[in-house]
Protein chains: 2
Amino acid sequence: MDSTLAMVEGEGRQRILAAAEKLFSDKAFDAVSMNAIACEAGISKANIYHYFPNKDTLYLAVLRVASHNLRAVLNEAVSAHGSVLDVLRHFARNHLQALLNRPQLVRLVWREILERGAPRAQEFAEQGFADMFSALVDVLKLGQSRGELRHDFDPALVATLLLGANVFFFQSRDILRHYPPITFADDPAGYDAGIVEILLRGLVPAPS
Amino acid sequence: MDSTLAMVEGEGRQRILAAAEKLFSDKAFDAVSMNAIACEAGISKANIYHYFPNKDTLYLAVLRVASHNLRAVLNEAVSAHGSVLDVLRHFARNHLQALLNRPQLVRLVWREILERGAPRAQEFAEQGFADMFSALVDVLKLGQSRGELRHDFDPALVATLLLGANVFFFQSRDILRHYPPITFADDPAGYDAGIVEILLRGLVPAPS
DNA sequence: AAAATACCCGACCAATCGGTCAATATCGGC
DNA sequence: GCCGATATTGACCGATTGGTCGGGTATTTT
C-alpha cells in the first residue's frame with residue numbers, strides 16, 4: 001500500500017517529467033509546447049495540469065531534477081585515489097565521460113546558463129559548478145602543499161581551464177569533427193590525456 | 001543617386017536586422033515574435049515581410065551578418081608579430097577581448113551551435129571556427145619548427161584548449177564571479193595571462 | 001455499497017503566433 | 001501635375017499557444 005502505491009502514484013508525474021526533459025533538452029523553452037510534451041508522455045495535455053500548475057513550474061521541476069542528477073553524476077567523477085597527478089588524470093577523463101554520458105542533462109542545464117535576462121534557475125547550475133570547483137581546487141592545493149605541483153599558479157584558474165576544456169569539447173564536438181587536423185573528436189579519453197599531460201608539464205616543478 | 005540612395009534603401013532593412021539581432025541574441029528563435037521585432041525596429045510587422053519572406057529567412061540573415069562580423073572581429077585578434085610566445089600571449093588576450101566586446105554576436109552564433117536537430121546555419125559557425133583554428137595551429141606549428149615549442153604535443157589539441165578556455169570564460173563569467181576563490185572573473189587580461197603562462201611552461205622545452 | 005479522492009480526458013477559451021492582402025503614403029523621374 | 005515603384009500600414013486569417021472546465025473513470029477509505 002505504501003511502496004507500490006507510491007510508485008504508481010508517482011508514475012504519471014515521472015512520465016511527464018521524463019518526456020519534458022527529453023524535449024526541453026533538444027529545443028528551447030518556447031519551442032516545446034505542452035501538447036508535444038503530453039504527446040511524448042502518452043497522456044492528454046489537460047492531465048499535465050493535474051500535476052503541474054503551469055508550464056514554468058513544469059520546466060523548473062525538470063531543471064531541478066536534471067540539475068540534481070547531473071550533479072550526482074559529476075560528483076562521482078571526483079572520487080579518486082593515489083597521487084595528485086593520477087587524481088587529476090582520472091578526474092579529467094571521468095568528468096568528460098560523465099558529460100558525454102548524459103548529454104541531455106548537460107544541454108538542459110547549460111542552456112539555462114546561457115539564456116539571458118531570465119535567471120529561471122541559475123542557482124541549480126551554480127550548485128553543480130560549486131561542487132566541481134571546490135573539489136578540483138582542493139586537489140590542486142593538496143598537490144601544491146605536497147610539493148607535487150608548482151606553487152606559483154592559481155588553483156582556481158587551473159580548475160577553470162580544466163573544466164572549460166571538457167565543457168568546450170562537449171559543446172563543439174560536432175564541429176571539431178569536421179576539421180582534418182583534429183584527430184581526437186571521437187576519442188575523448190585521448191583528448192583528456194593530452195590535455196592533462198600538457199597541463200602537468202607546466203604544473204610539475206622543473207627538474208632543474 | 002547611388003551611394004545615398006543605396007543607404008536610404010537599405011536603412012529599413014538594416015533597422016530590422018539590428019532589432020532582430022538584439023532580440024535573437026537574448027532569447028531563442030521561438031521566444032522572439034515578429035511583433036516584438038517590428039516593435040523594436042519601430043515599424044509595423046507587415047513591413048518586415050516587405051524585406052524578408054518569412055521569419056526563418058530573417059533569422060538566417062541575422063545569423064549570416066552576425067557570423068560575418070564576428071569572424072572579422074575575431075580574425076583581427078590573430079594579427080601579431082614577434083616571437084611565437086608573444087604571438088600566443090597577444091592572441092589569447094585579443095581573442096577573449098573580442099568575445100567580450102561583442103557578446104550579442106557571440107551568444108547568437110553560439111546558441112546556433114548548441115541547438116539540436118536544426119542545423120539552421122551551422123556552416124556559419126564553422127567558418128569562424130575554421131579561421132581561428134587554422135591560424136592558431138599554424139602559429140603553434142611555426143613555434144615547433146622554430147624550436148620555441150616542444151615537438152611532442154598536438155597543435156590542434158592546444159588550439160582547442162586555448163579557444164575553449166576563452167569561450168568557457170565568456171560563457172560562465174557570471175557564475176564564476178560568485179565563487180570566492182576566483183579572483184579573475186572581472187580581469188580577463190589577467191585570466192588569459194595566467195592561462196597562457198601555465199600552458200607555456202608545459203610547451204616550452206625543458207631546460208634540461 | 002457508498003462516499004471520497006485521485007486520476008484522466010475531450011472540448012473549449014482568449015490570446016498570440018506567423019503570415020497575407022488590399023489599400024495608402026511617399027518619392028524620384030518626367 | 002502625373003506616374004510607376006518602393007515603403008508602409010491596419011485589418012485580417014487559420015493555426016497554435018498556454019490554460020480552463022465539467023464530467024467522466026478508477027481506486028481507496030469508510
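If you're wondering where the values come from, they're calculated on a predicted model, not measured in any experiment.
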Trainee: Does OP1 or OP2 of D/dA7 have a side-chain N or O of B/His50 closer than 4.0 Å?
Mentor: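 The answer is yes; a side-chain N or O of B/His50 sits under 4.0 Å from OP1 or OP2.
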
Trainee: Answer yes or no: are there more than 12 heavy-atom neighbours, outside A/Arg173 itself, under 6.0 Å from its atom CZ?
Mentor: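 Yes, the 6.0 Å shell around CZ holds more than 12 heavy atoms from other groups.
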
Trainee: Measuring to OP1 and OP2 of D/dT16, would you say a side-chain N or O of A/Ser33 lies under 4.0 angstrom away?
Mentor: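 Indeed not, no polar side-chain atom of A/Ser33 lies that close.
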
Trainee: Show each protein N/O and nucleotides 9-15 of chain C N/O combination with a separation under 3.5 Å, one pair to a line.
Mentor:
| unit_1 | atom_1 | unit_2 | atom_2 | d |
| --- | --- | --- | --- | --- |
| C/dC9 | OP2 | A/Ser44 | N | 2.9 |
| C/dC9 | OP2 | A/Ser44 | OG | 3.4 |
| C/dC9 | OP2 | A/Asn47 | ND2 | 3.4 |

Trainee: Looking only at side-chain N and O atoms, does B/Tyr51 come under 4.0 Å of OP1 or OP2 in D/dT8?
Mentor: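 B/Tyr51 to D/dT8 OP1/OP2: side-chain N or O found under 4.0 Å.
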
Trainee: Side chains of B/Arg150 and B/Gln144: is there a donor and an acceptor less than 3.5 Å apart?
Mentor: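 Looking only at side-chain atoms, B/Gln144 and B/Arg150 do not form any donor-acceptor pair under 3.5 Å.
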
Trainee: D/dT17 C1' sits how many Å from A/Asp56 CG, rounded?
Mentor: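 A/Asp56 atom CG is separated from D/dT17 atom C1' by 13 Å.
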
Trainee: Could you tell me how the ring of A/Tyr179 sits relative to the ring of B/Phe133: parallel (under 30°), tilted (30 to 60°) or perpendicular (over 60°)?
Mentor: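 Plane angle under 30°, so parallel.
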
Trainee: Expressed in angstrom and rounded to an integer, what is the separation of B/Asn35 atom CG from C/dC17 atom P?
Mentor: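 Result: 6 Å.
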
Trainee: In this structure, how many angstroms lie between the P atom of C/dC8 and the CZ atom of A/Phe52, rounded?
Mentor: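 Roughly 12 Å, once rounded to whole Å.
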
Trainee: Is the shortest side-chain N to carboxylate O distance from B/Lys22 to B/Glu40 below 4.0 Å?
Mentor: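 Looking at B/Glu40 together with B/Lys22, the answer is yes, because their closest N to O distance falls below 4.0 Å.
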
Trainee: Without decimals, in angstroms, what is the distance between B/Asp30 CG and C/dG18 P?
Mentor: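 The distance from CG of B/Asp30 to P of C/dG18 comes to 8 Å, rounded to the nearest Å.
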
Trainee: Roughly, in whole Å, what's the span from OH in B/Tyr49 to C1' in C/dT20?
Mentor: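 Those two atoms, OH and C1', are 9 Å apart.
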
Trainee: Quick one: B/Lys55 NZ to C/dT16 P, roughly how many Å, whole number?
Mentor: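 In whole Å, C/dT16 P lies 15 Å from B/Lys55 NZ.
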
Trainee: Ring centres under 6.0 Å, that's the criterion: do B/Phe169 and B/Tyr191 meet it?
Mentor: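 Yes; B/Tyr191 has its ring centre under 6.0 Å from that of B/Phe169.
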
Trainee: Send over the distance from A/Ile16 CD1 to C/dC7 C1', rounded to a whole Å.
Mentor: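 Value for this atom pair: 11 Å.
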
Trainee: Which heavy atom of B/Lys55 sits nearest to which heavy atom of B/Val32, and what is that distance?
Mentor: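 Minimum heavy-atom separation between B/Lys55 and B/Val32: NZ-O, 2.6 Å.
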
Trainee: Does the ring centre of B/Phe129 sit less than 6.0 Å away from the ring centre of B/Trp110?
Mentor: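 Between B/Trp110 and B/Phe129, the centre distance is under 6.0 Å.
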
Trainee: What is the distance, to the nearest angstrom, from the CD1 atom on A/Ile48 to the P atom on C/dA6?
Mentor: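 In whole Å, C/dA6 P lies 20 Å from A/Ile48 CD1.
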
